Amino acid sequence: MTAILELSGVTRRFGGVAALSGAGFAVGEGEVVALIGPNGAGKTTCFNVIDGTLRPDAGEVRFAGARITGLAPEVIAHRGIGRTFQVASTFGSMTVRESVAIAAAAHARRDGRFAAPPLATHSAPIDALLAAAGIAALADQVCATLAWGDAKRVELALVRAGSPRLLLLDEPAAGLEPDSRRTLMQQASALARNDGVAVLFTEHDMDVVFGFADRIVVLNRGAVIADGPPAAIRASAEVAEAYLGSAAPAAAKVDTPRASPSMDG
């Protein structure tokens with residue numbers, strides 16, 4: 001599998017604290033990878049380094065074979081990296097259709113005047129994006145009135161409007177009911193399976209992690225301590241110790257995810 005994203009020796013400090021310490025891993029084209037770790041492990045910092053929000057103190061990030069370390073977020077986004085956030089971000093005063101059309105127009109490098117012509121021009125692909133996200137029935141609803149799960153799906157459609165080659169999902173299942181979690185992750189997995197989009201996601205729900213990830217990368221104190229298929233991560237005593245503070249069987253974490261410490265960060 002060809003790597004679309006490669007991190008090597010990435011370090012990022014905040015004062016005397018190393019949020020990332022020589023972290024390195026890769027994500028292949030069409031691969032769904034979960035990035036997990038205890039609270040404060042460095043997951044969000046890692047996402048922020050990848051999308052250009054933060055500049056690493058050391059190390060390198062490569063995307064599609066080119067070095068993107070230190071590039072501006074808008075440049076990185078245009079190269080094909082899209083991101084969703086723990087709190088869904090939509091255009092609250094606009095309808096769902098208008099929001100997705102704006103995102104598509106921005107990706108197409110319109111001149112910034114997002115008036116009727118760009119919206120009309122993008123109507124066919126917008127309809128396809130809405131249908132793919134399962135939100136066609138919400139097309140004319142104002143985003144500020146959406147239910148939480150629907151807002152998450154709209155955010156995914158907004159990111160997809162940019163035709164990403166790599167999708168960063170920051171806790172996509174947070175706040176969703178089980179059925180909505182599965183639906184959202186099925187949509188993300190379909191992007192990988194059908195369109196070859198790489199998906200890297202953080203998540204504290206182990207049912208989601210082990211149910212959808214092709215591979216799991218585990219961070220602890222800013223360093224990668226494990227990287228492998230779900231079965232290997234499930235059986236890792238080092239992973240169990242990172243979460244539970246002892247060398248308990250990793251399956252204990254998987255079977256009772258809510259009994260462990262928070263996995264945000």
Side-chain angles (χ1 to χ4, degrees), residues 1-12 18-37 41-85 107 156 159-160 162-172 185-203 208-220 222-234 236 238-239:
M1 183 177 295
T2 303
I4 187 73
L5 175 72
E6 299 171 274
L7 279 71
S8 57
V10 174
T11 296
R12 171 67 194 201
L20 291 174
S21 181
F25 61 89
V27 179
E29 294 178 343
E31 189 178 27
V32 180
V33 177
L35 180 66
I36 69 172
K43 303 184 297 294
T44 298
T45 299
C46 187
F47 268 30
N48 288 340
V49 167
I50 293 170
D51 76 1
T53 303
L54 291 174
R55 182 185 295 268
D57 297 308
E60 183 178 68
V61 181
R62 299 183 69 84
F63 177 68
R67 190 177 189 273
I68 61 169
T69 316
L71 294 181
E74 59 270 22
V75 174
I76 291 175
H78 184 70
R79 291 196 179 191
I81 297 181
R83 179 179 178 179
T84 68
F85 295 85
H107 175 67
L156 182 58
V159 175
R160 291 184 63 180
S163 301
R165 298 178 65 187
L166 168 66
L167 189 58
L168 304 176
L169 304 179
D170 196 350
E171 294 197 20
M185 290 306 300
Q186 285 167 353
Q187 292 171 354
S189 296
L191 276 175
R193 183 173 58 254
N194 300 329
D195 300 333
V197 176
V199 178
L200 178 65
F201 72 97
T202 67
E203 187 52 63
V208 171
V209 169
F210 283 87
F212 290 95
D214 299 319
R215 185 163 51 85
I216 301 172
V217 176
V218 186
L219 282 175
N220 189 33
V224 174
I225 62 169
D227 181 346
I233 300 303
R234 187 190 299 268
S236 170
E238 186 175 8
V239 172

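Keep in mind that this is a model prediction, so the values were computed, not measured. As a basis for the values below, the full set of heavy atoms in this structure was taken, side chains included, without hydrogen atoms, waters or symmetry mates.
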Only distances under 3.5 Å count here; give the side-chain donor-acceptor pairs of residues 2-9 to other protein atoms, sequence neighbours excluded, each with its distance to 0.1 Å.
none

Inset, instruction - Please name all residues satisfying side-chain contact (heavy atoms from CB on, under 4.5 Å) with Ala72, sequence neighbours left out, ordered by chain then number. - result: Glu74, Val75

Inset, instruction - Output all residues satisfying side-chain contact (heavy atoms from CB on, under 4.5 Å) with Ala58, sequence neighbours left out; order by chain, then residue number. - result: Thr11

Spacing of [X] atom [atom1] and [Y] atom [atom2] [to the nearest 0.5 Å]:
X: Ile68; Y: Ile76; atom1: CD1; atom2: CD1; value: 4.5 Å
X: Leu54; Y: Leu20; atom1: CG; atom2: CG; value: 9.0 Å
X: Phe25; Y: Asp227; atom1: CZ; atom2: CG; value: 8.5 Å
X: Met185; Y: Phe201; atom1: CE; atom2: CZ; value: 4.0 Å

Considering all heavy atoms of both residues, which atom of [X] and which atom of [Y] are nearest to each other, and what is their separation?
X: Pro230; Y: Ala213; answer: CG-O, 3.4 Å
X: Val27; Y: Val199; answer: CG1-O, 4.4 Å
X: Gly52; Y: Pro73; answer: O-CG, 3.5 Å
X: Ile233; Y: Ala226; answer: CD1-CB, 3.7 Å

Are [X] and [Y] side-chain neighbours, meaning at least one heavy-atom pair lies under 4.5 Å?
X: Ile216; Y: Phe210; value: yes
X: Cys46; Y: Val10; value: no
X: Val224; Y: Leu219; value: yes

[X] side-chain N/O to [Y] backbone N/O, donor-acceptor pair under 3.5 Å:
X: Thr202; Y: Leu35; result: no
X: Asn220; Y: Ala41; result: no
X: Arg12; Y: Arg55; result: yes

Legend entry - From Val32, Leu156, Leu200, residue fulfilling side-chain contact (heavy atoms from CB on, under 4.5 Å) relative to Leu169: Leu156

Legend entry - Contacts of Arg67 that satisfy salt bridge (Lys or Arg N to Asp or Glu O under 4.0 Å) - sequence neighbours left out: Glu60

Legend entry - Under the side-chain hydrogen bond (donor to acceptor under 3.5 Å, both in side chains) test, residues paired with Asp51 that sit two or more places apart: Thr53, Arg83

Inset, instruction - Please list all pairs passing the salt bridge (Lys or Arg N to Asp or Glu O under 4.0 Å) test where one or both residues lie in residues 22-34, with sequence neighbours left out. - result: Glu29-Arg165, Glu31-Arg215

Inset, instruction - Test side-chain contact (heavy atoms from CB on, under 4.5 Å) on Val197 and Arg160 and set out the steps. - result: CA-CA 10 Å; Val197 176; Arg160 291 184 63 180; over 6 Å; no

